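Structure, as structure tokens:
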Amino acid sequence: MENYVFNASEEYALKLDKNDCLASFRNEFYVMDGKIYLDGNSLGLLSKRSETSLLTLLDSWKQFGIDGWMEGENAWFDLSERLGGRLASLIGALPVEVIVSGSTTSNLHQMIATFYQPQGEKVKILADELNFPSDIYAIQSELKLKGFDPHTHLVQVSSRDGRIIEEDDIIRAMTDDIALIVLPSVLYRSGQILNMKRLTEEAHQRGIIIGFDLCHSIGAIPHELSDWGVDFAVWCNYKYLNSGPGSVGGLYVHKKHFGQVPGLAGWFSSRKDKQFDMEHVLTPASHAGAYQMGTPHILSMAPLIGSLEIFEEAGLKNIRNKSLLMTRYMMDLIKYELREMGFSLGNPIEDSRRGGHVFLEHQEAARICKALKVNGVIPDFRAPNGIRLAPVALYNTFKEVWETVQILKRIMTDEEYKQFENKREVVA
Ligand SMILES: *Cc1c(COP(=O)(O)O)cnc(C)c1O
């Protein structure tokens with residue numbers, strides 16, 4: 001980053017690739033021929049290691065049958081705990097504070113069911129108006145289950161510009177009636193990073209429990225959840241962590257809460273040595289494992305084994321540095337090449353506030369995305385006017401960023417996008 005001085009030439013893109021210490025990791029992935037994949041923040045690409053780890057676990061079923069729970073290199077019984085332990089460094093947690101289990105949405109249900117304990121005047125849940133709908137639906141249904149009306153008991157902090165949520169506005173909304181706060185670490189549209197450390201301190205000063213959804217930050221930016229005192233977090237492993245469609249997600253609970261009975265219990269919440277006593281009184285695990293419910297989805301967890309190896313080798317710091325440089329470079333190219341074409345950057349510009357993707361806004365965004373796809377570039381569209389472009393440090397190149405902006409320029413200059421309807425597809 002120190003040596004970066006913007007230059008719009010193709011040679012400069014090639015030079016950035018040459019100086020890239022992570023360049024070799026691209027070979028670890030199945031990069032699609034003739035495509036520029038910029039959608040790794042929706043679904044990361046398959047790596048060869050993940051393919052191998054999936055096949056290995058399939059084979060352990062073939063070889064061991066029921067004994068696969070305890071036998072083989074990746075015995076299934078405590079695989080969730082072991083993978084949680086390995087994942088912990090990506091979020092700055094202790095190994096025992098993390099478990100690989102469930103999905104973002106089911107884990108969020110579990111966390112709210114566990115930590116939302118309305119008492120006295122503290123009865124409401126605070127969220128933001130830009131969060132992913134699934135998180136909001138989960139909060140609404142948990143409120144209803146506790147007998148409250150989401151219209152009065154869910155407070156959503158508004159955005160001043162439709163892109164960013166100001167931390168000051170969130171803190172102002174931390175009133176005496178708030179029991180629990182659920183926020184994203186990185187906003188899925190604008191890519192804004194919320195200051196988790198500051199928000200956690202402010203919440204705790206007011207006796208409020210706070211948790212974050214890390215879907216758009218895990219594997220992309222560093223976290224220090226444990227040191228910051230964050231109460232809980234949930235995430236999926238199929239975005240930057242490249243563990244496959246619907247792969248098993250994860251959750252984190254700060255160790256100060258260990259012993260808290262899971263709101264939604266099941267036999268996998270049990271202390272492992274007690275589980276097969278088959279008692280009707282649960283003895284919960286003494287760590288994050290307590291927030292599991294049923295039998296782990298082993299085959300959907302398997303790709304994470306290979307994927308984590310790659311993160312351990314590449315190092316999150318290197319990944320973040322390259323990602324920041326790629327998004328910086330992309331923004332510079334956009335400003336230089338796409339002037340006066342109706343684009344605006346909807347993501348924060350500052351490094352400290354910018355997640356892993358660039359959010360490009362345009363009135364014709366839906367059909368520009370379709371034209372990009374026809375030209376081999378895979379972005380994703382976020383209604384009504386957003387184009388998300390995620391250059392992923394582990395497998396995208398600076399040359400691809402350069403090409404993408406050239407293609408965008410051509411689509412606009414030749415008005416190629418006008419061949420398409422300005423309407424989103426079913427899956428966008
Ligand atoms: C991707 C994403 C989800 C998806 O939740 P699943 O339960 O994995 O389907 C939820 N929240 C946010 C913020 C996301 O980005």
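Counting convention: from 1, in listed order, for ligands and their atoms alike. Because the structure is a prediction, the values reported are computed rather than measured.
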Q. Only one of Phe258, Phe115, Tyr116 clears ring pair (Phe, Tyr, Trp, His ring centres under 6.0 Å) with Phe232; which?
A.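 Considering Phe258, Phe115, Tyr116, a ring pair (Phe, Tyr, Trp, His ring centres under 6.0 Å) with Phe232 is found only for Phe115.
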Q) Of all residues at least two apart in sequence or in a different chain, which pass the side-chain contact (heavy atoms from CB on, under 4.5 Å) check with Thr104? A)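 Thr104 satisfies side-chain contact (heavy atoms from CB on, under 4.5 Å) with Asp213, Cys215, Val234, Cys236 once adjacent residues are dropped.
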(Q) Heavy atom to atom 10 (C) of ligand 1, shortest distance: which of Phe132, Trp235, Tyr188 holds it? (A)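 Minimum heavy-atom distance to atom 10 (C) of ligand 1 goes to Phe132.
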[X]-ligand 1 polar pair, N/O distance under 3.5 Å:
X	value
Thr104	yes
Ser106	no
Ser134	no

(Q) Can you name the atoms of ligand 1, numbered from 1 with element, that are less than 4.0 Å from a heavy atom of His216? (A)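 Counting from 1, the qualifying ligand atoms are 15 (O).
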(Q) Which residue in the set Ile136, Ile139, Asp128 passes side chain to side chain contact (heavy atoms under 4.5 Å, CB included) when paired with Gln156? (A)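 Among the candidates, only Ile136 passes.
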(Q) For the CE atom of Met331 and the CG atom of Leu389, what is their distance to the nearest 0.5 Å? (A)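 Met331 CE to Leu389 CG: 12.0 Å, rounded to 0.5 Å.
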Which residue and atom name correspond to the protein heavy atom nearest [atom], and how close is it?
atom	result
atom 9 (O) of ligand 1	Tyr238 OH, 3.4 Å
atom 15 (O) of ligand 1	Lys239 NZ, 2.5 Å
atom 7 (O) of ligand 1	Thr105 OG1, 2.6 Å

Q: Verify the neighbour count for atom CZ of Phe6: are there more than 12 heavy atoms of other residues, nucleotides or ligands below 6.0 Å?
A: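 Yes, because the 6.0 Å sphere around CZ of Phe6 holds more than 12 heavy atoms from other groups.
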Q | More than 12 heavy atoms of other groups within 6.0 Å of Arg424 CZ | A |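 Open.
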Q: Could you check if a side-chain atom of Trp61 sits within less than 4.5 angstrom of a side-chain atom of Trp76, using non-hydrogen atoms only?
A: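 In short, these two side chains touch, coming nearer than 4.5 Å.
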**Q.** For ligand 1, the portion of Asp213 having any non-hydrogen atom under 4.0 Å away
**A.**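 For Asp213, only side-chain atoms sit under 4.0 Å from ligand 1.
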